[in-house]
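Here's the structure we're looking at; comments come further down.
In this chain, residues are counted from 1 in sequence order.
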Amino acid sequence: MRLYEKTAHELHEMLTAKKISALELTKDLFERIEEKDSEIGAYLEITKSQAEQTAKIVDEKISRGEKISALEGIPCAIKDNICTKGIKTTCASKILENFVPPYDATVMKKLNSQNAVVLGKVNLDEFAMGGSTENSAYQVTKNPWNIERVPGGSSGGSAAAVAAGEAIFALGSDTGGSIRQPASFCGVVGMKPTYGRVSRYGLVAFASSLDQIGPITRDVTDCATVLNAICGLDEMDSTSTPAAVPDFTKSLISDVKNLKIGLPKEYFVKGIDKEVEDAVINVTEIFEKLGAQIVEISLPHTEFAISTYYIIAPAEAATNLERYDGVSYGVRVDGADIVEMMTNTRTEKFGEEVKRRIMIGNYALSAGYYDAYYLKALKVRTLIQKDFTDAFKNVDIILTPTTPNAAFKIGEMVNDPLKMYLQDICTVPLNLAGLPGISLPCGFNKENLPIGFQLIGKPLDEETIIRAAFTYEQTQNFSNKIPQ
């Protein structure tokens with residue numbers, strides 16, 4: 001077994017026992033990237049010299065007998081909408097193709113302080129707008145389980161890199177399922193923390209009331225470890241929560257006895273693939289055998305979640321993307337005057353999906369339609385939040401499919417945006433309600449494509465869903481499976 005096949009916690013033990021060096025580990029990952037990334041297309045930017053320099057610092061600490069943190073020397077990949085000082089951050093868009101941030105995102109400061117080895121920046125749907133990583137301005141990322149399939153999106157590069165062994169863990173961002181859906185498609189673990197748990201400072205904004213950074217890992221233990229590193233109050237982010245951050249690794253306990261798990265009937269309706277439904281029902285049976293209680297619940301406003309999300313998210317996106325005008329930073333396309341210059345810049349450098357969402361957002365916010373669309377969407381969002389509040393009076397966590405089907409073929413939905421948007425049916429309600437959710441693998445379909453399920457927790461209760469996820473994981477071996 002090569003080093004890239006191991007988890008972060010296994011590699012940490014090997015580093016502290018001096019069985020391997022951080023530099024040796026880093027070089028093994030770069031070899032893997034050289035072997036496979038021309039086929040997978042996960043990386044947009046490789047940061048080899050910086051990575052090897054960090055690895056040498058970790059090796060020097062180990063040689064001096066100093067204690068190292070859980071992520072020191074562990075190679076990782078960063079979604080390219082998270083600002084990295086001195087390293088290009090393009091958001092997979094032509095409009096930011098030469099943008100080099102003068103500062104680090106807060107999550108990068110936290111990882112850098114732990115000497116995590118950053119291998120490079122990975123691909124995404126442009127400005128995180130999409131569910132397949134086909135909307136990148138630079139390349140289409142492929143699913144390591146089947147390169148004719150999408151890896152999901154928008155954090156498809158992050159999920160594909162971890163699944164293919166091109167990174168031990170990765171950071172992604174989740175606005176409507178953009179960590180959990182690609183994690184499900186690629187057979188890895190992906191978590192969206194409670195809104196405000198992780199600072200958004202330095203995350204290039206898509207929809208500010210929905211965006212949240214989170215980890216993509218090979219197993220639940222690594223997920224808890226990365227979460228420990230990136231959570232916490234940040235004075236640079238006004239939406240950052242002051243709630244105390246627990247040690248999430250203390251929730252890695254194999255015990256779900258008497259845990260009440262809600263199964264919402266609205267998530268098992270016509271349109272859910274039969275193999276996905278069967279795999280998720282099998283998960284509930286395993287939890288019952290382990291001592292948990294399965295309770296059928298109702299989240300009655302689920303059917304309105306997609307409509308609500310695709311009014312609120314584009315409205316916030318239209319506002320956030322006003323700044324890309326060719327004046328202050330990014331690419332500029334010349335014109336006869338400033339208006340023509342701005343028009344030319346945005347017309348030529350934004351992709352089709354970004355333009356589509358800007359137009360939808362501006363339409364929903366316009367004077368004649370604000371009350372009919374945007375204001376009504378905010379009211380329905382409140383009802384969706386209330387559904388979860390009411391449900392959590394009777395259950396501890398909620399279990400659903402992560403996606404209605406396994407990974408679809410590249411090009412299958414790219415010209416049908418409505419069909420693509422419906423892929424988010426199981427994930428967007430959490431973002432609208434600000435809740436934590438984790439996706440982990442629960443099987444494979446007849447085409448050997450991963451299937452994932454989702455656990456949803458109460459606000460700021462990542463601990464319970466981590467405990468349940470860890471308990472389930474101990475009965476299975478999906479996290480050990482590597483795509484061939």
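Rounding to the nearest 0.5 Å places CG of Leu435 at 10.0 Å from CD of Glu462. Taking CG of Asn143 as the reference point, atom SG of Cys186 lies at 4.0 Å (rounded to 0.5 Å). Here the straight-line distance linking atom CG of Asp396 with atom CD1 of Ile261 works out to 8.5 Å at 0.5 Å rounding.
No hydrogens or angles considered: a donor-acceptor pair under 3.5 Å links the side chains of Ser69 and Gln114. In this structure, a donor-acceptor pair under 3.5 Å is present between the side chains of Glu266 and Ser298. No side-chain N or O of Lys458 forms a donor-acceptor pair with one of Thr464 less than 3.5 Å apart. Under 3.5 Å, the side chains of Ser199 and Asp234 contain a donor-acceptor pair of N or O atoms. When only modelled atom types and interatomic distance are considered, Ser209 and Arg381 share a side-chain donor-acceptor pair under 3.5 Å. With 3.5 Å as the limit, one finds no donor-acceptor pair spanning the side chains of Thr141 and Thr133. Residues Thr403 and Gln181 have side chains that never bring a donor and an acceptor to within less than 3.5 angstrom of each other. Judged by distance alone, the side chains of Asp211 and Ser173 never bring a donor and an acceptor atom under 3.5 Å apart. Using a 3.5 Å distance cut-off with no hydrogens or angles, the side chains of Asn431 and Tyr195 do not pair a donor with an acceptor.
Between the side chain of Asp59 and the backbone N or O of Ala22, at least one donor-acceptor pair lies under 3.5 Å. The backbone N or O of Ala292 lies less than 3.5 Å from no partner atom in the side chain of Asn258, so there is not a single donor-acceptor pair. A donor-acceptor pair is defined here as one N or O able to donate and one able to accept, closer than 3.5 Å; such a pair exists between the side chain of Asn445 and the backbone of Asn448. Remark: the backbone N or O of Arg2 is not paired with any side-chain donor or acceptor of Asp28 at under 3.5 angstrom.
Looking at Phe206 and Met129, their side chains come closer than 4.5 Å, going by heavy atoms from C-beta outward. Counting heavy atoms from C-beta outward, Glu45 and Asp80 have side chains that stay 4.5 Å or more apart. You'll find the side chain of Ile425 stays beyond 4.5 Å of the side chain of Glu303, heavy atoms only. Side-chain contact check for Asn405 versus Gln423: some heavy-atom pair is nearer than 4.5 Å.
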**OP:** For the pair Lys265 and Glu296, evaluate salt bridge (charged side-chain N to carboxylate O under 4.0 Å, His left out) and give the outcome as yes or no after the intermediate values.
**Re:** CA-CA 7 Å; Lys265 60 184 181 181; Glu296 185 176 293; 5.2 Å; no
**OP:** List the steps, then state whether side chain to side chain donor-acceptor pair (under 3.5 Å) holds for Ser136 with Asn123.
**Re:** CA-CA 7 Å; Ser136 168; Asn123 199 23; 2.8 Å; yes
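Here the shortest heavy-atom pairing between Thr84 and Lys121 reads OG1-NZ, 2.9 Å. Looking at every heavy atom in both residues, Thr225 comes nearest to Thr249 through OG1-CG2, 3.9 Å. Closest of all the heavy-atom pairs between Ile253 and Thr471 is O-OG1, 3.1 Å. Across all non-hydrogen atoms, the minimal contact from Ala229 to Leu111 is CB-CD2, 4.5 Å. Closest heavy-atom contact between Arg197 and Pro246: NH2-CD, 3.7 Å. Between Gly130 and Arg357, the shortest heavy-atom contact is N-NH2, 3.4 Å.
Residue-environment remark: NZ (Lys376) stays at or below the threshold of 12 foreign heavy atoms within 6.0 Å.
Below 30°, between 30° and 60°, or above 60°: for Tyr472 and Phe453 the angle between ring planes is above 60°, a perpendicular geometry.
A centroid separation of less than 6.0 Å is found between the aromatic rings of Trp145 and Phe444.
Checking each of Lys192, Gln212, Arg180 against Asp174 for a side-chain hydrogen bond (donor to acceptor under 3.5 Å, both in side chains) leaves exactly one that passes, namely Arg180.
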